[in-house]
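Okay, so here's the structure we're looking at.
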Amino acid sequence: MSDTPTPNHFIRQIVIDDLAHGKHAGIATRFPPEPNGYLHIGHAKSICLNFGIAAEFNGRCNLRFDDTNPAKEDPEYVTAIQEDVQWLGFHWAELRHASDYFELIYRCALKLIRDGVAFVCDLSAEEVREHRGTLTQPGRNSPFRDRPVAENLDLFARMKAGEFADGSHTLRAKIDMSSGNINLRDPALYRIRKVDHQNTGDAWCIYPMYDFAHVISDAVEGITHSLCTLEFEDHRPLYDWCLDQLPVWAMPELADELDRLGLKPSRPRQIEFSRLNLDFLVMSKRKLLTLVTGNHVNGWDDPRMPTPCVAFAAVGSPADAIRNFIRNAGVTKQESVLEFSLLENEVRNDLDVRAERRMAVIDPLKVVIVNLADSHEESLTMANHPKDESRGTRSVPFSRELWIEREDFMEVPPKGYHRMVPGGEVRLRGVGIVKCEHVVKNSNDVVTEVHCTLDGSTRHGMSGADRKVKGTIHWVSAKHALSAEVRLYDRLFTVADPDDDNDGKTYRDHLNPNSVRVVNAQLETSLARVAAETRLQFERLGYFVADRVDHRADQPVFNRICTLRDSWAKAAK
RNA sequence: UGGGAGAUCGUCCAACGGUAGGACAACGGACUCUGACUCCGUUUAUCUAGGUUCGAAUCCUAGUCUCCCAGCCA
């Protein structure tokens, strides 16, 4: 979609160099989510990176579910994740599961045992922890570390056969209990979990750990560049150890299974990059889940959630804007927190060109044009887009009584105020210049009506129409107005870093009580005809989208995507 | 006190021994039938200290700060 050149970054450069040196015939990447939750905008970076690199260099990118922990996973998430990837505009070469490779991974484990570099350990989780040592002290060998190969083979077969209880045995790599890198202190490769798996059912009761399954999955799929986030940096030595021990591209005992699955293995390289973080948001799955279960938001598709497909689609952010935002954010190993305004900027840029304009009044105040007849009624023709004639025009009914935005009138204006004031003039968008002649108040001194006269010589198309006035305000004909529910969303948290609990407060203490405001708005009539999910600009207010599920012609519901930039509000504050 | 990684405007990203540049933000101005969009301008940065070099963000040395790791999670 973008016509700007792809910005370079260190991973892209590695790929370019690898290709230039003939290291690979073609490049292959993968996006490997665990189906244990919904994706959020942080994942979108990985999606854009992996699929983007593959697309740019005519490679392939698989969508692979890293489903090695059946207790936490659910098919609901595998469906949702696929939708997210597609919503972002990407297509996978193959849809795979790590669980597709359980047989291959099992045979790899067998080789490790035969080669004397893996053993069955009878230690409990607690005991393993005690043997592991600490960050500064080396661990101690398991008493089962030197079991003979035959015994390991037998025990591992019995683990697989279901003879042992969960947690009673593990298969562990035999590496180095004194390593400064804790991942190398004889890490677990397999554990027993007698639970059904969302993809393989009850076929297995032993499941490979991430470190073991992921590297083999990468290798058998022929992934050339295995891109992951920074926290896996110190797993890389284990990743490479597995590759050294298990040249899956040259293991005869894997041939039939590889063939069955149509796989062509090669040696992958792991490269780490920093996560995408946004201020005023939390990203951890646990915290997001709490927001949902604690009813702080209305479900995973609440527009305030940082989830890409469900929430961004719900709130109407175009996928293009998300992709541009991520492209502009770059790829580095530096940990960073992006300002939310970067995202908003992309959304506004995108919507400014694509969204048609309409008028809506969110906080109505009655205006009566006293020099028009009671029965006055006409139809004005207004452009749908100020910079794109091809978007056509629409007719907007105009009559004697209108709604304007309450904040567009002030009895005692501050200096610099360009809108309607007693005795002052202002332009009604598409109509002409009106002068405020009189104000009606109720017993509480609240303004209930503003009476104006319309200067006929300034009507649209007349010679006086060019006369300058400071302000132009939007309006809706009261007689024709459509009453509608409009949901005004704001940021979910009041502080830039809700995760910071140094002051003793948690992210829950920083929830914005006004993150959503539901109002009854008055819309121009044409808005009855828009389809759900249509994105529009309500002039001077912001970008809005017709709610994908709740919007109906007879009962319109719009969500605010974001406001327009408002330099007056800023100056007035 | 172990292992791994990272430090450039307020924020993010460039600069790969040769003028520290861009985006966003902020500020000022122009334009405007959206206080939008657009346009113009301004402010602000190389973690510190040494060294090498005609020349250092970049190379070397020594510090400092930040992040990650002690799941049979990923």
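A quick note: this is a predicted structure, and the numbers were derived from the prediction, not measured. Chain letters run A, B, ... following the sequence lines, proteins first and then strands; every chain starts at 1.
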| query | The side chain of Asp234(A) lies closest to which of these nucleotides: G35(B), C68(B), A74(B)? | reply | C68(B)
| Opposite nucleotide pairing with A56(B), Watson-Crick or G-U, both atom distances under 3.5 Å | none
| query | Between A70(B) and Thr134(A), is there an OP1 or OP2 to side-chain N/O distance shorter than 4.0 Å? | reply | no
| message | Between Tyr543(A) and Phe538(A) (judged by ring centroids, cut-off 6.0 Å), do the two rings come close enough to count as a pair? | response | no
| ring pair (Phe, Tyr, Trp, His ring centres under 6.0 Å) evaluation trace for Phe10(A) with Phe273(A) | CA-CA 9 Å; Phe10(A) 80 103; Phe273(A) 62 92; 8.1 Å; no
| Same-atom distance (P) from A57(B) to C47(B), integer angstrom | 10 Å
| task | Test for a donor-acceptor pair under 3.5 Å between the base of A74(B) and the side chain of His235(A), counting only N and O atoms. | result | yes
| Which is true for Gly139(A) with a 4.0 Å heavy-atom rule: it touches a base, it touches only sugar-phosphate, or it touches nothing? | nothing
| query | Quick one: is Arg193(A) getting a side-chain N or O under 4.0 Å of the C73(B) phosphate, OP1 or OP2? | reply | yes
| task | Examine C73(B): is either OP1 or OP2 under 4.0 Å from a nitrogen or oxygen in the side chain of Arg191(A)? Give yes or no. | result | yes
| field | Atom pair distance, as rounded to whole Å: CD in Glu130(A) and C1' in G71(B) | value | 15 Å
| said: Given the structure, check if the side chain of Asp566(A) and the base of G35(B) hold any donor-acceptor pair shorter than 3.5 Å. | reply: no
| message | Mind checking if Phe232(A) touches a base, just sugar-phosphate, or nothing, with heavy atoms under 4.0 Å? | response | base
| field | Length of the CH2-C1' vector between Trp475(A) and C33(B), whole Å | value | 12 Å
| Taking atom P in both G71(B) and A62(B), what distance in whole Å separates the two? | 33 Å
| request: Give a yes/no on whether any side-chain N or O of Gln334(A) is located under 4.0 angstrom from OP1 or OP2 of A5(B). | output: no
| query | Are the charged groups of Asp490(A) and Arg560(A) less than 4.0 angstrom apart, N to O? | reply | no
| remark: Expected label for G51(B) (glycosidic angle, syn inside 90° of 0, else anti) would be anti
| task | Evaluate the ring planes of His235(A) and Phe232(A), with Trp represented by its six-membered ring, and classify them as parallel (under 30°), tilted (30 to 60°) or perpendicular (over 60°). | result | perpendicular
| field | Nucleotide forming a Watson-Crick or wobble pair with U38(B), both distances under 3.5 Å | value | A30(B)
| field | Pair Phe102(A) + His197(A): ring centers closer than 6.0 Å | value | yes
| query | Which value, in whole Å, describes the distance between the P atoms of nucleotides A20(B) and A56(B)? | reply | 11 Å
| message | Looking at A74(B) and Tyr210(A): do their rings stack (centroid distance under 5.5 Å, interplanar angle under 30°)? | response | no
| query | Does the G2(B) base have a donor-acceptor partner in the side chain of Gln137(A) within less than 3.5 Å? | reply | no
| query | Start at the 5' end of RNA chain B and walk down; is the nucleotide closest to Thr68(A) or to Thr136(A) reached first? | reply | Thr136(A)
| field | Arg540(A) side chain near G35(B) phosphate (N/O to OP1/OP2, under 4.0 Å) | value | yes
| Glu34(A) has a side chain; which of A70(B), G35(B), C73(B) sits nearest to it? | C73(B)
| Applying a 3.5 Å limit to both distances, which nucleotide forms a Watson-Crick or G-U wobble pair with U48(B)? | A62(B)
| How would you label the contact of Ser567(A) with the nucleic acid (heavy atoms, under 4.0 Å): base, sugar-phosphate, or nothing? | sugar-phosphate
| query | Is Leu338(A) touching bases, backbone alone, or none of the nucleic acid, heavy atoms closer than 4.0 Å? | reply | sugar-phosphate
| Within the 6.0 Å centroid threshold, strictly below: Tyr77(A) and Tyr38(A) | yes
| query | Quick one: is A74(B) close enough that its OP1 or OP2 comes under 4.0 Å of any side-chain N or O from Arg64(A)? | reply | no
| said: On RNA chain B, does the nearest nucleotide to Ser124(A) precede the nearest nucleotide to Arg459(A) from the 5' side, or the other way round? Give the residue. | reply: Arg459(A)
| said: Need one value for Glu346(A): base, sugar-phosphate or nothing, where a base atom within 4.0 Å counts as base even if backbone is also close, heavy atoms only. | reply: nothing
| request: Look at the side chain of Arg419(A) and the base of G35(B), then say whether one donor and one acceptor between them are separated by less than 3.5 Å. | output: yes
| Nucleotide paired to U1(B) in any strand shown, Watson-Crick or G-U, under 3.5 Å | none
| request: Could you tell me whether the side-chain ring of His418(A) sits stacked on the base of G35(B), using a centroid cut-off under 5.5 Å and a plane angle under 30°? | output: yes
| With both distances under 3.5 Å as the test, what is the Watson-Crick or G-U wobble partner of A23(B)? | U11(B)
| With a distance cut-off below 6.0 Å to the six-membered ring centre and an angular limit of 45° from the axis, does Lys160(A) pair with Tyr106(A) as a cation-pi contact? | yes
| message | Can you say whether a donor on the side chain of Glu335(A) sits under 3.5 Å from an acceptor on the base of U66(B), or the other way round? | response | no
| When you measure from the centre of the six-membered ring of Phe119(A), is the NZ or CZ of Arg172(A) under 6.0 Å away and within 45° of the axis? | no
| request: Look at the side-chain N and O atoms of Lys570(A) and state whether any lies under 4.0 Å from the OP1 or OP2 oxygen of A25(B). | output: no
| Looking only at side-chain N and O atoms, does Lys468(A) come under 4.0 Å of OP1 or OP2 in C33(B)? | yes
